[in-house]
Amino acid sequence: MARVLIVGAGLTGSLCAALLRKEVSSLRYLAVWEKAGDSGGRMTTASSPHNPQCTADLGAQYITCTPHYAKKHQTFYDELLAHGILKLLTSPIEGMMMKEGDFNFVAPQGVSSIIKHYLKESGAEVYFRRCVTQINLRNDKWEVVRETGSPEQFDLVVLTMPVPQILQLQGDIVNWGMDFKFQIALIGAEKGTVQRLSCSLRNLECVKKEDKETSVE
Ligand SMILES: Cc1cc2nc3c(=O)[nH]c(=O)nc-3n(C[C@H](O)[C@H](O)[C@H](O)COP(=O)(O)OP(=O)(O)OC[C@H]3O[C@@H](n4cnc5c(N)ncnc54)[C@H](O)[C@@H]3O)c2cc1C
């Protein structure tokens, strides 16, 4: 697998980049393009211009680990805890509903530190202020067009932005009936609609399960 682009530097994009780096030995070039000026997406941490130590998580503020997640993904939590990125949330929060067996974690350096950790692990080249507008197929390569700057070609493109933003993309993908065979192959599916693709990128586990159970035309 020569050149791979991940669009979006939120949790999905950053973790996807880290997993690709870990699992795919033939990966030669991995890039992440993010339209914002920093990573995080809906897990963004803002700092005070007067005091960088003073931060606020603008989206997600804590991570819940249910018994189900603990069983499936304990290594992810362990790794983030070992790096000091997550810490058990022990302070009481007024009105918080806790289910039996759940644990909550906070990120002492801000929730975006989770994303930064995965991006660093991935070794990907991360570019900010690159807003993808079009994706075309040119000689078996995906040509990705951005708002400003030259288009670039990739063997595989993973879209991690929310569905409404995927639907705004222009180019060949609009007419292709969203047959993202190349991309979906990576995560174990054969064919899919854009809705399904987006779901899959949000939850790789869910897609693998779906693939076994359903066939999507
Ligand atoms: C207010 C709020 C509170 C939340 N609280 C919690 C919580 O307590 N616990 C919890 O676990 N979850 C919480 N969530 C959910 C959690 O934040 C999201 O599930 C998670 O951040 C989604 O990550 P993502 O990478 O899938 O998407 P996003 O974070 O949306 O990442 C997509 C990225 O793609 C970029 N992008 C979009 N279009 C383009 C384009 N054309 N070109 C290039 N880049 C593009 C975006 O800028 C963004 O950075 C909360 C969400 C919100 C909004």
Side-chain angles (χ1 to χ4, degrees), residues 4-20 31-46 56-66 68-70 72-73 76-77 80 85-89 91 93-99 102-108 110-119 122 124-136 142-149 151-152 154 157-171 173-174 183 187 194-207:
V4 176
L5 173 68
I6 294 175
V7 185
L11 181 64
T12 309
S14 62
L15 181 56
C16 185
L19 291 175
L20 277 173
V32 178
W33 288 7
E34 165 58 52
K35 74 172 177 183
D38 200 358
S39 56
R42 280 172 281 167
M43 289 188 160
T44 290
T45 303
D57 290 328
L58 301 182
Q61 288 155 6
Y62 60 89
I63 309 289
T64 303
C65 176
T66 63
H68 174 74
Y69 290 154
K72 295 239 161 201
H73 306 301
F76 290 91
Y77 298 105
L80 294 172
I85 292 163
L86 288 187
K87 202 177 126 194
L88 202 59
L89 170 62
S91 317
I93 297 181
E94 202 177 313
M96 189 162 179
M97 307 282 281
M98 283 287 289
K99 288 196 192 134
D102 282 3
F103 290 97
N104 290 311
F105 299 104
V106 280
V111 77
S112 72
S113 61
I114 303 172
I115 283 93
K116 292 184 194 326
H117 168 76
Y118 286 132
L119 287 176
S122 77
E125 301 214 1
V126 184
Y127 296 92
F128 298 114
R129 301 192 198 287
R130 283 204 182 176
C131 180
V132 172
T133 54
Q134 261 192 57
I135 303 183
N136 297 305
W142 295 106
E143 184 190 70
V144 183
V145 181
R146 51 192 157 114
E147 235 166 37
T148 53
E152 286 184 34
F154 296 89
V157 180
V158 182
L159 304 173
T160 73
M161 56 273 225
V163 175
Q165 290 167 38
I166 292 181
L167 291 172
Q168 283 171 14
L169 292 177
Q170 300 296 309
I173 56 164
V174 175
Q183 291 90 331
I187 49 177
V194 73
Q195 189 80 32
R196 183 177 150 76
L197 172 66
S198 176
C199 279
S200 67
L201 295 168
R202 265 156 195 54
N203 189 342
L204 303 185
E205 200 65 41
C206 143
V207 157

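Indexing begins at 1, ligand by ligand and atom by atom, following the structure's order. Every heavy atom of this structure was used, including side-chain atoms; hydrogens, water molecules and symmetry mates were not. Since we're looking at a predicted model, the values are computed, not measured.
- Comparing P162, G59, A36 by heavy-atom distance to atom 2 (C) of ligand 1, the nearest is G59.
- Ligand 1 has no nitrogen or oxygen under 3.5 angstrom from a nitrogen or oxygen of I63.
- Partner of I135 under the side chain to side chain contact (heavy atoms under 4.5 Å, CB included) criterion, out of I173, L5, I166: I173 alone.
- Close approach of ligand 1 to T160 is summarised as follows: ligand atoms under 4.0 Å from at least one heavy atom of the residue are 32 (C).
- Below 30°, between 30° and 60°, or above 60°: for H73 and F76 the angle between ring planes is above 60°, a perpendicular geometry.
- Within ligand 1, counting atoms from 1 as listed, the ones closer than 4.0 Å to a heavy atom of C131 are 41 (N), 42 (N).
- Distance check, rounded to the nearest 0.5 Å: CD of Q165 to CG of L159 gives 11.0 Å.
- With sequence neighbours left out, D38 forms a side chain to side chain donor-acceptor pair (under 3.5 Å) with K116.
- Here's the thing with T64: none of its N/O atoms is less than 3.5 angstrom from an N/O atom of ligand 1.
- In the vicinity of V7, heavy-atom distances shorter than 4.0 Å reach the ligand 1 atoms 42 (N), 43 (C), 44 (N).
- A donor-acceptor pair under 3.5 Å is formed between the side chain of T160 and the backbone N or O of V7.
- Ligand 1 lies less than 4.0 angstrom from a heavy atom belonging to R130.
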Could you pull out all donor-acceptor pairs under 3.5 Å where a side-chain atom in residues 125-132 meets a protein atom, sequence neighbours excluded?
residue: E125; atom: OE1; partner: Y127; partner atom: OH; Å: 2.7

Inset, instruction - For side chain to side chain donor-acceptor pair (under 3.5 Å), just list the numbers for D102 and T66, CA-CA rounded to whole Å, side-chain angles, deciding distance to a tenth of an Å, and then say yes or no. - result: CA-CA 5 Å; D102 282 3; T66 63; 5.1 Å; no
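- Contact annotation: for Q165 versus ligand 1, heavy atoms closer than 4.0 Å belong to the side chain alone.
- Interface of G8 with ligand 1, defined as ligand atoms under 4.0 Å from a residue heavy atom, comprises 33 (C), 34 (O), 35 (C).
- Residue G41 approaches ligand 1 through these ligand atoms, each under 4.0 Å from one of its heavy atoms: 29 (O), 48 (C), 49 (O).
- No donor-acceptor pair under 3.5 Å is formed between the side chain of S14 and the backbone N or O of A9.
- If you check each of G40, S39, A60 against atom 51 (C) of ligand 1, the one with the closest non-hydrogen atom is A60.
- Considering both main-chain and side-chain atoms, L58 never comes within under 3.5 Å of ligand 1 through any nitrogen or oxygen pair.
- Residue W33 approaches ligand 1 through these ligand atoms, each under 4.0 Å from one of its heavy atoms: 43 (C), 44 (N).
- With I85 as the partner, the side chain to side chain contact (heavy atoms under 4.5 Å, CB included) test is satisfied by one option alone out of I115, L80, V111: L80.
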